[in-house]
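Below: the structure, in structure tokens.
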Amino acid sequence: DKGNHRHFMEKEIYEQPEVISHALSHYVDFAENTISTNAAAIDFKAASGLAISACGTAYLAGLVGKYWFERYARLPVEIDVASEFRYREMPLSPSQAALFISQSGETADTLASLRYCRENGLKIGAVVNVRESTIARESDAIFPIMAGPEIGVASTKAFTCQLAVLASLAIGAGKARGTVSADEERALVRHLAEMPRIMSRVLNLIQPQMESLSRELSKCKDVLYLGRGTSFPLAMEGALKLKEISYIHAEGYAAGELKHGPIALIDENMPVIVIAPFDRFFEKTVSNMQEVAARGGRIIFITDEAGAAASKLPTMATIILPVVDEIIAPMIFSLPIQLLAYHTAVFMGTDVDQPRNLAKSVTVE
Ligand code: M6R
């Protein structure tokens, strides 16, 4: 049932404040402001490293998770798309832990990666939406994302719930490993707790602007997304979402890679969507934006109030989000990315919930 929404995808985008709050309540003790993951089967404290494997959007959630596990838990992360992971013959040690991220829990390559890790003696954690799935069944620990059924082929609420769970797990791992203090834990959990409310506010705030911008995007043949830090996987997720449902060619790049190739593409016909909260990478990303502007590129700047005040560059559009802590920024900044892809596809008249050539669950190799 789509309720008042035109598509399941739209419904699922707007469900995010509610489902994120479910997901968090599974991992967070809001009375004490602590993380309470029941991850006994996986010993993050003793782990020498973490291997993550997944496909598509779930892989991009894992890539954001890598930044978090390394930063907050000082745990080295090996991550790859599952179709490569399963055949790379990478040396693994039973002292590493492994995480498999899958909305459906049935993705063939992710399952094969899981079995490869099991053969190598690693303890297995599954970050899944479907708790009765094969990937969940074959794991030592299940970390449910609690997103509820996701019908739209383009993943939206599963992505942000995967992020919420990975953030909680990374903080929990940091606590176990002594790299996140009790004070830091409380502060981080307070930020997580604020997220559902901020998401609702942002969804209402940006909707009209996303709709009008999508008219512009629908005229384009190519779009480039740029970001640094956790905004780099978001840039790739933005590009994936746009190409999946609007069939516009899009690429996501680390902003620092611009001058190693993609800058050659810049002209007035290819909008560049820059994702840059006012974080420690902001200045660097703005200098990449300058390089785009100097070559006549048109910029759609997704930033926050502090970033908008700090940059004086002319843009085609600036999307201004509230200033939030960096632990929740990837979830908040996912919202304009999702809505922009959604409205562009609606405007172009594609089959948003069932895009051509795609299946919701990829159970064959
Ligand atoms: O069910 P899974 O999370 O394992 O699926 C992985 C990908 O097939 C999936 O995320 C795909 O990339 C989506 N269509 C992205 O919107």
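Note that ligands are numbered from 1 as they come in the structure, with each ligand's atoms numbered from 1 the same way. In this chain, numbering begins with 1 at the start of the sequence shown.
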When you look at [atom1] of [X], are more than 12 heavy atoms from neighbouring residues, nucleotides or ligands closer to it than 6.0 Å?
X    : atom1 : result
K175 : NZ    : yes
N4   : CG    : no
R190 : CZ    : yes

* May I ask you to check if ligand 1 and T110 share an N or O to N or O distance below 3.5 Å? => no

* To do: Check whether any N or O atom of K360, backbone or side chain, sits under 3.5 Å from an N or O atom of ligand 1, and answer yes or no.
  => no

* Mark the output for C55 as yes if a heavy-atom distance to ligand 1 is under 4.0 Å, and as no if none is. => yes

* Heavy-atom gap V153 to ligand 1 smaller than 4.0 Å -> yes

* Asked: Are Y342 and H7 close enough that their ring centers fall under 6.0 Å?
  -> yes

Heavy atom of the protein closest to [atom] (residue, atom name, distance):
atom                    : result
atom 3 (O) of ligand 1  : Q103 N, 2.6 Å
atom 8 (O) of ligand 1  : V362 CG2, 4.2 Å
atom 5 (O) of ligand 1  : T107 OG1, 3.6 Å
atom 1 (O) of ligand 1  : S104 OG, 2.7 Å
atom 14 (N) of ligand 1 : E244 OE2, 2.5 Å
atom 9 (C) of ligand 1  : T57 N, 4.1 Å

* To do: Validate the cation-pi geometry between R177 and F44: distance from NZ or CZ to the six-membered ring centre under 6.0 Å, angle to the ring axis within 45°.
  => no

Numbering the atoms of ligand 1 from 1, which are under 4.0 Å from a heavy atom of [X]?
X    : result
A58  : 3 (O), 10 (O)
S155 : 15 (C), 16 (O)
K241 : 15 (C), 16 (O)
A154 : 16 (O)

* To do: For the pair K284 (side chain) and G256 (backbone), establish whether a donor and an acceptor sit closer than 3.5 Å, ignoring hydrogens and angles.
  => no

* Asked: So, the side chain of T179 versus the backbone of Y72: is there a donor-acceptor pair under 3.5 Å, distance only?
  -> yes

* Asked: Does the side-chain hydrogen bond (donor to acceptor under 3.5 Å, both in side chains) test come out yes or no for R228 and N288, once each step is laid out?
  -> CA-CA 10 Å; R228 279 177 190 260; N288 299 124; 2.8 Å; yes

* To do: Evaluate the criterion side chain to side chain contact (heavy atoms under 4.5 Å, CB included) for residue pair S231 and F333; output intermediate values, then yes/no.
  => CA-CA 8 Å; S231 300; F333 279 68; 5.8 Å; no

* **Within reach of ligand 1, part of E106 (heavy-atom separation under 4.0 Å)** => neither

* To do: Please examine the side chains of E150 and K157, heavy atoms only from C-beta on, and report whether any two atoms are closer than 4.5 Å.
  => yes

